[in-house]
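What follows is a single structure, written as structure tokens, with notes after it.
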Amino acid sequence: MLGGTTPIIGQFLLNRTGSISVVIGYVVFQVALTLGCMLLLLKRLNHDERAPDEPAPATVAVPA
């Protein structure tokens with residue numbers, strides 16, 4: 001949602017303030033928000049670090 005509206009919001013902020021630093025601050029905020037969300041996703045209990053196309057290790061039943 002933020003990615004598609006970034007140019008519109010950036011132009012709005014630039015027209016309102018006349019300063020590019022406000023637009024840069026908005027983009028830095030988006031990067032920080034994205035990084036925070038990514039770190040929260042990595043902390044999930046069911047996070048699996050294997051590649052998505054890598055098969056799960058097979059469990060082999062050993063006779064007793």
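L14 and V22 fall within a single hydrophobic cluster, where Ile, Leu, Val, Met, Phe, Trp and Tyr are joined by side-chain heavy atoms under 4.5 Å apart, directly or via other members. A single hydrophobic cluster is seen to contain both Y26 and V28, as judged by linkage of ILVMFWY side chains at heavy-atom distances under 4.5 Å, directly or through other members.
For the side chain to side chain donor-acceptor pair (under 3.5 Å) test, no residue two or more places apart in sequence or in another chain qualifies with T17. For L35, the side chain to side chain contact (heavy atoms under 4.5 Å, CB included) partners at least two apart in sequence or on another chain are M38, L39.
In this structure, the separation between OG on S19 and CD1 on I24 is 8.0 Å, given to the nearest 0.5 Å. Atom CD in Q30 sits 7.0 Å away from atom CD1 in I9 (nearest 0.5 Å). With rounding to the nearest 0.5 Å, the separation of OG1 in T6 from CG in L13 is 10.5 Å.
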